[in-house]
2 protein chains.
Amino acid sequence: MNASRTARDRARAELTQEIKNEARRQLAVDGAQKLSLRSVARELGMVSSALYRYFASRDELLTALIIDAYDAVGEQAEKAAEGGAPRERWRKACHAVRDWARANPHEYALIYGSPIPGYAAPQDTVASAARVPMVLIGILRETNPSPAFEGPPLTDGLAGQLRALGEQVAPDGERIAPDLPLETLNRGIVVWTQLFGMLSFELFGQFVGSVDPTNEFFDHTIEQLADFLGLPPAR
Amino acid sequence: MNASRTARDRARAELTQEIKNEARRQLAVDGAQKLSLRSVARELGMVSSALYRYFASRDELLTALIIDAYDAVGEQAEKAAEGGAPRERWRKACHAVRDWARANPHEYALIYGSPIPGYAAPQDTVASAARVPMVLIGILRETNPSPAFEGPPLTDGLAGQLRALGEQVAPDGERIAPDLPLETLNRGIVVWTQLFGMLSFELFGQFVGSVDPTNEFFDHTIEQLADFLGLPPAR
DNA sequence: CGATTCCGAGAGCACTGCTCTTGACTTGTG
DNA sequence: CACAAGTCAAGAGCAGTGCTCTCGGAATCG
């Protein structure tokens, strides 16, 4: 399992990376729709068929980009949420995700928009996709939330799903959140969907004509969600 | 402005509709990605170039489908929200939207997923797109909400945006909601994004592995959102 | 060194959106 | 009624796509 043993291996890894880079460049400009293997190959000075030695299909290339995108936004969120009071970590994580999304709208659309073809999104993506929600769970685990209002009781089936989710084993071998109250876990999922619902609406143009510069609405809602979660108030 | 005057006009309108129907059929099967003018034409027994007499481009056909989709889901929501107590109207509207989305996932993706090309979505779509949020506003206007918790105060800029939104003139010539408290309007936008955030996550596969059969989570959240809005409790 | 594996190039297939021209048909009007 | 104007479907064609297969040359391994 020696990494990059032969010159060929190194060249292959390098070229694979260059293909992804060029693809990402084109993705950022024109969107996933117009990303073409041929133009990637052309830009790299090779012929299209050669590219198939590295990615078996256009979809496979896109899947690689999807994983990278999940990792990129996940890493941003993780770094932003390091240290500080729970509420502060929550704020920073949200803004990190939003900043990344606004800086890379096409990559955002790739992972949180409509599934591309017959959505081949395989198991490889889930570990990377889970990084942002895991950040949120990490914040919830380090506080003792006292939600702003009680809300309806969990139904049996939902409670079962949440319990199973908490017991589920993450890629790192640990269980996700066996200690988290189910009610808290449920609220975590709610705010998770709210966060990305806002971002999708903002980036996909649904807010045009209402809260169009979304900055203030976003900040206000983030704070409201923190109250909803029961994160201790700041200062 | 006599509707369907000549035989030619009638034939034209009919064929336009048939093209849209066939396109919608293909959309439902394979998604927007694979919808091709040529195959639509082929299925209709005509040649591809003939189709350009009815739609100037593929994007224009898609735009027509987008408007139809907005109208379809809007109509479902409107019908579902007729009559009853506010909370009941809210529940029914949410379920109507979800049912439509699950029955027509590709059409849902077309309007609430990633913008297709360089998103040409013109002004024509906004009136249709506004129908679902207008249903929600209609519910809010017919009650005197007492939210379940107070939440952070509106910032000046956000309050200004909300005021402008309420004064805005809808397609029917009426102002949207000049009488609605800004705080209530704000919460309306929050639950609107939450509703579609949930649907997108469900349909685009983000809930796989967590609250995967989403029925109970959806129902529970709808109720929680009703509390959040301050809709009077049922029964 | 020899055999094997890997790799890029090229040709080619079936498909796409879109344009332009041609000839036939339908209109409404002189 | 007849004729000019308008409309239409069809066909050929262009540039581009994803993907497959074959073919020589090069690197790697035994």
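Computed from a predicted model, the values in this text were never measured in an experiment. In the text below, chain A, chain B and the rest are named by the order of the sequence lines, each starting its count at 1.
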When rounded to whole Å, the CZ to C1' distance for the pair A:Arg58 and D:dC19 reads 13 Å
Using a distance-only test with no angle check, is there a side-chain donor-acceptor pair under 3.5 angstrom linking A:Asp219 and A:His95? yes
Sugar-phosphate or base contact per nucleotide [nucleotides 20-25 of chain D; S, B, -; heavy atom under 4.0 Å]: BB----
Look only at the side chain of A:Thr193 and the backbone of B:Met198, and say whether a donor-acceptor pair between them is shorter than 3.5 Å. no
Can you tell me the distance, in whole Å, between the CG atom of B:Asp30 and the P atom of C:dC15? 14 Å
With a 4.0 Å cutoff (strictly under), does any side-chain N or O of B:Arg42 reach OP1 or OP2 of C:dT16? yes
Can B:Ser200 and B:Tyr108 be counted as having a side-chain donor-acceptor contact under 3.5 angstrom? yes
To the nearest Å, give me how far apart CG (A:Leu44) and C1' (C:dG8) are. 13 Å
In whole angstroms, how far is the C1' atom of C:dC15 from the CD atom of B:Gln26? 14 Å
Atom CG of A:Asp59 and atom P of D:dG18 are separated, to the nearest Å, by 11 Å
Testing C:dC18, D:dT17, D:dA10 for proximity to the side chain of B:Ser57, the answer is C:dC18
Is any side-chain nitrogen or oxygen of B:Arg12 closer than 4.0 Å to OP1 or OP2 of D:dC8? yes
Between C1' on D:dT7 and CE on B:Met46, what's the gap in Å once rounded to a whole number? 13 Å
Looking at every strand, decide which applies to A:Leu35 at a 4.0 Å heavy-atom threshold: base, sugar-phosphate, or nothing. sugar-phosphate
Between B:Tyr54 and A:Leu37, whichever has its closest DNA chain D nucleotide further toward 5' is B:Tyr54
A:Ser36, nearest nucleotide to its side chain (from D:dG18, D:dG11, C:dT16): D:dG18
Any A:Gln224 side-chain heavy atom under 4.5 Å of B:Val190 side chain: yes
How many whole angstroms separate atom CD1 of A:Ile19 from atom C1' of D:dG18? 15 Å
Can you see which heavy atom on B:Leu162 is nearest to which on B:Leu185, and at what distance? O-CD2, 3.4 Å
At under 4.0 Å between heavy atoms, what does B:Leu15 touch on the DNA or RNA strands: base, sugar-phosphate, or nothing? sugar-phosphate
Which heavy atom of B:Ala64 sits nearest to which heavy atom of B:Phe55, and what is that distance? CB-CE2, 3.9 Å
Take atom CZ of A:Arg38 and atom P of C:dA11, then tell me their distance rounded to the nearest Å. 12 Å
Between A:Phe217 and A:Phe207, is the ring centroid distance below 6.0 Å? yes
